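Presented below is the structure to which this report refers.
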Protein chains: 2
Amino acid sequence: MEMPKYMTLVTWIKKKIESGELKYGEKVYSENELSAMFHISRQTVRQAINILAQDKYLESRQGSGTYVVFNTTVKREPTKTIGVVTTYVRAYIFPQIIRGIEDVLTKNGYSMQLAFTHNKIQNESRVLRSMLEKGMDGMIIEPTQSGLPNPNFKIYEEIQRQRIPVIFINSGYPGMKIPHVSLNDRAAGLLATEYLIRAGHKRIAGIFKSDDHQGHLRYAGYLDALLKAGYEIHDENVFWYSTQDVPDFSKFEQIILRRIEGCTGLLCYNDEVGMRIVEIMKRNGIAIPEDLSLISIDNSDLAALCEVPLTSVAHPMNVLGETAAQNLLRLIQDHTFKATVDFEPKIVERKSVRVLE
Amino acid sequence: MEMPKYMTLVTWIKKKIESGELKYGEKVYSENELSAMFHISRQTVRQAINILAQDKYLESRQGSGTYVVFNTTVKREPTKTIGVVTTYVRAYIFPQIIRGIEDVLTKNGYSMQLAFTHNKIQNESRVLRSMLEKGMDGMIIEPTQSGLPNPNFKIYEEIQRQRIPVIFINSGYPGMKIPHVSLNDRAAGLLATEYLIRAGHKRIAGIFKSDDHQGHLRYAGYLDALLKAGYEIHDENVFWYSTQDVPDFSKFEQIILRRIEGCTGLLCYNDEVGMRIVEIMKRNGIAIPEDLSLISIDNSDLAALCEVPLTSVAHPMNVLGETAAQNLLRLIQDHTFKATVDFEPKIVERKSVRVLE
DNA sequence: CCTAAAAAAATGTACGTACAACTTTGCCGA
DNA sequence: TCGGCAAAGTTGTACGTACATTTTTTTAGG
């Protein structure tokens with residue numbers, strides 16, 4: 001038999017629900033009705049309903065009937081607009097990511113609504129609410145303070161309730177079941193640290209950002225590498241900073257110098273930090289890469305333009321943007337599409353790492 | 001009918017599996033055998049097996065048979081020993097927590113194997129491995145660096161695979177399905193901040209720990225309170241530190257002073273930080289509570305002994321320890337027991353908060 | 001018009017049969 | 001000894017019936 005009878009009934013009902021013909025809470029035909037309609041026995045109908053109940057499409061109530069529990073969308077008018085929320089816009093790797101997104105969207109007849117949060121949750125709240133109000137066909141979001149519990153959880157719940165397709169870029173909130181398109185940050189941290197290890201470095205410090213999940217992952221990769229190489233982990237060689245520390249970064253100069261004491265290698269969370277470190281080291285007479293080998297992540301313009309060109313792990317940037325946009329458009333067509341992508345990292349070698357003899 | 005026939009079969013098989021009589025991968029009786037054994041029809045047997053398949057106890061393979069897929073334990077000899085792992089032992093609130101645990105364990109004929117990690121993941125790795133080797137009947141663990149991805153994930157997986165009952169105290173790793181007994185840290189942050197708000201403070205700064213999940217939750221509660229009161233959130237008034245910053249805390253003096261500029265209230269992650277802040281403020285001629293109202297969390301000895309006695313949110317301490325131990329012992333008896341407890345916070349008023357007119 | 005009982009309707013449990021699809025086992029012949 | 005094949009065993013699909021339990025609707029009585 002090609003397809004079992006109960007299976008044809010399963011797909012028939014599923015389609016009715018997903019197309020919106022049967023809405024949330026509505027009663028579906030009774031078992032006897034379906035049995036008559038499809039000329040199959042009631043037992044077979046029950047088998048089909050059982051499967052749909054397992055998949056959370058239906059729910060039976062004895063004596064009453066069988067009801068749809070699948071939360072279908074209220075059909076909105078397509079706006080052909082995609083909301084794009086990032087932390088920053090004009091600097092660092094963001095212009096290229098956004099350009100990648102825009103290319104794909106315009107090519108497909110969508111327009112883009114761009115907003116940024118400066119990594120502040122109150123801005124994220126405002127921006128998301130406004131986009132919900134305007135009605136987007138889909139959203140590409142770089143999470144704000146993804147390393148901390150998100151107080152905008154309710155807004156995200158509302159977005160999911162309304163079944164607006166969303167893709168996170170660069171990161172994601174652990175716990176939320178939203179697909180992401182990112183650099184594999186853990187692998188990036190691992191790769192960068194292993195690069196230093198292969199260059200003969202034994203004591204390697206790290207500087208990471210604590211309020212972004214990316215920071216946690218890159219740190220995890222850093223640990224993975226140290227453990228894999230059989231090295232001890234020295235917490236005293238790790239420095240954590242947060243978004244609000246960035247304007248004060250120079251104030252941490254003494255602390256950072258203390259943290260890297262005795263280290264020949266240093267992994268920086270990103271190129272921006274890497275560049276700051278280069279400045280700090282210069283001021284303090286520590287030569288890079290002669291005295292300290294430095295590797296960073298993202299491979300932004302900064303890495304190339306830095307006084308000491310930085311060896312850095314490549315971020316896919318525009319490719320990431322394009323992929324996110326493409327996958328979002330597919331997700332709009334097909335809600336079941338698995339949109340998550342992790343880009344594997346690659347090292348771009350420049351002049352900030354010295355090979356130890 | 002009291003209990004349906006298929007249900008008696010479900011419980012019968014479940015028991016056989018959970019007791020270890022039927023092990024992972026083993027074939028269970030065929031549908032016809034069960035039908036004969038229990039004098040019920042094959043359809044009814046199938047109904048029971050279906051339920052167990054849904055619950056991931058069994059898996060049927062057509063033409064072959066039905067197999068156990070529930071990962072059962074190899075029965076170990078009870079050691080009557082409970083492993084207790086905390087970050088610190090002799091200081092702060094830890095002696096009281098541990099005393100609470102010990103009281104309950106000894107009263108029930110268990111001995112305690114105590115170890116501490118200093119909040120370093122490599123110590124946690126060593127300690128957990130050693131305990132796994134020795135064989136514990138159960139474990140009470142305060143997670144190490146719970147605010148960061150845990151590189152000891154594999155060890156925790158192994159513990160769960162061996163079905164050793166575990167309860168986390170004070171926190172937990174988000175994502176792991178392990179029960180915890182904790183202060184409701186989010187509520188604690190909320191309560192403390194609301195206390196300052198009720199005292200008339202409008203601009204409230206916060207100092208939190210970034211590598212502990214507790215820090216994230218207390219911060220989330222702090223945000224909850226500000227949002228609830230309709231206040232703006234000012235990231236520049238939040239300071240994050242990590243475990244390795246503690247010895248250097250005085251180095252952050254200038255940065256912290258900058259962060260609390262313009263604030264009349266300050267929420268401190270714990271009493272230890274609170275006390276440090278009191279010292280710093282004294283050195284800089286800022287009077288507490290006249291110029292700055294300070295509230296902290298944990299209500300340890302430090303809060304009472306501090307130069308300026310600190311208003312603080314009470315941590316259950318020995319009650320928490322007792323509860324964790326009691327629930328662990330119940331969990332050893334009954335693997336399905338829901339052991340998670342969140343203690344609701346209470347304010348202990350002292351002299352560090354001033355009511356604004 | 002309201003209430004309470006009765007009837008109807010819906011799902012839940014349980015039995016039975018038959019055959020299909022697939023896997024394992026064991027036998028037989030090369 | 002091994003491959004192939006048939007037989008036996010096991011789960012999957014499908015039908016039918018009967019009655020239980022629960023909810024909803026209808027009806028009858030006041």
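Bear in mind that the values here come from a model prediction, so they are computed numbers and not experimental data. Reminder, nothing fancy here: chain letters follow the sequence lines and each chain counts from 1.
A straight line from NZ of B:Lys5 to P of D:dC19 spans 15 Å, rounded to a whole angstrom. In this structure, CG of B:Asn32 is placed 18 Å from P of C:dT23, rounded to the nearest angstrom. With rounding to whole Å, A:Gln47 atom CD is found 15 Å from C:dG12 atom P. Across the protein-nucleic acid pair, A:Gln43 atom CD and C:dG16 atom C1' stand 11 Å apart, rounded to whole Å. Distance, B:Asn50 CG to D:dT13 C1': 13 Å, rounded to whole Å. Atoms OH (B:Tyr6) and P (C:dA14) sit 7 Å apart, rounded to a whole Å. One atom, CG of A:Leu52, and another, C1' of C:dT11, lie 16 Å apart when rounded to the nearest Å. We find that CZ of A:Arg46 is positioned 15 Å from C1' of D:dC15, with the value rounded to whole Å.
Across the interface with DNA chain D, nearest-nucleotide mapping of A:Tyr67 and A:Met7 shows A:Met7 to be the residue nearer the 5′ end. Both B:Gly65 and A:Lys27 lie close to DNA chain D; mapped to their nearest nucleotides by heavy-atom distance, the more 5′-ward contact belongs to B:Gly65. With the nearest nucleotide of DNA chain C identified for both B:Ser35 and B:Ser64, B:Ser35 has the one nearer the 5' end.
The pair B:Lys228-B:Glu194 meets the salt-bridge criterion, with a side-chain N (NZ, NE, NH1 or NH2) lying under 4.0 Å from an Asp/Glu carboxylate O. Classification of B:Asp137 and B:Lys80 as a salt-bridged pair fails, no side-chain N sitting under 4.0 Å from a carboxylate O.
The side chain of B:Gln62 lies closest to C:dA21, out of C:dA21, D:dA14, C:dT11. Of the candidates C:dC15, D:dC15, D:dG12, the closest approach to any side-chain atom of B:Ser60 belongs to D:dG12. Out of D:dA20, C:dC15, D:dT13, the shortest distance to the side chain of B:Ser41 is found at C:dC15. Distances from the side chain of A:Pro4 to the nucleotides C:dT11, D:dA14, D:dT11 place D:dA14 closest. In this structure, the nucleotide among D:dA14, C:dT11, D:dT11 sitting nearest to the side chain of A:Ser30 is C:dT11.
If you check every strand for non-hydrogen atoms under 4.0 Å, B:Ile49 touches nothing. Across all strands shown, B:Arg61 has heavy atoms under 4.0 Å from sugar-phosphate atoms exclusively, and none from any base.
A side-chain donor-acceptor contact under 3.5 Å links B:Thr81 to the backbone of B:Thr79. When atom types are taken as modelled, the side chain of A:Ser182 and the backbone of A:Ile169 share no donor-acceptor pair closer than 3.5 angstrom. When atom types are taken as modelled, the side chain of A:Asn152 and the backbone of A:Ile155 share no donor-acceptor pair closer than 3.5 angstrom.
Between A:Thr44 and D:dA14 there is no side-chain polar atom (N or O) within less than 4.0 angstrom of OP1 or OP2.
An angle of 10°, rounded to 10°, separates the two end axes of the helix from C:dC1-D:dG30 to C:dA30-D:dT1, each defined over five pairs.
One can find a donor-acceptor pair under 3.5 Å joining the base of D:dG12 and the side-chain atoms of B:Arg42. Side-chain atoms of B:Glu59 stay outside donor-acceptor range of the base of D:dT11, with no qualifying N/O pair under 3.5 Å.
For the atom pair A:Glu124 CD and A:Ile121 CD1, the distance stands at 8.0 Å (nearest 0.5 Å).
Classification of the A:Trp12-A:Tyr29 ring pair by plane angle, with boundaries at 30° and 60°, yields tilted.
Between A:Tyr173 and A:Tyr156, the ring center distance clears the sub-6.0 Å criterion.
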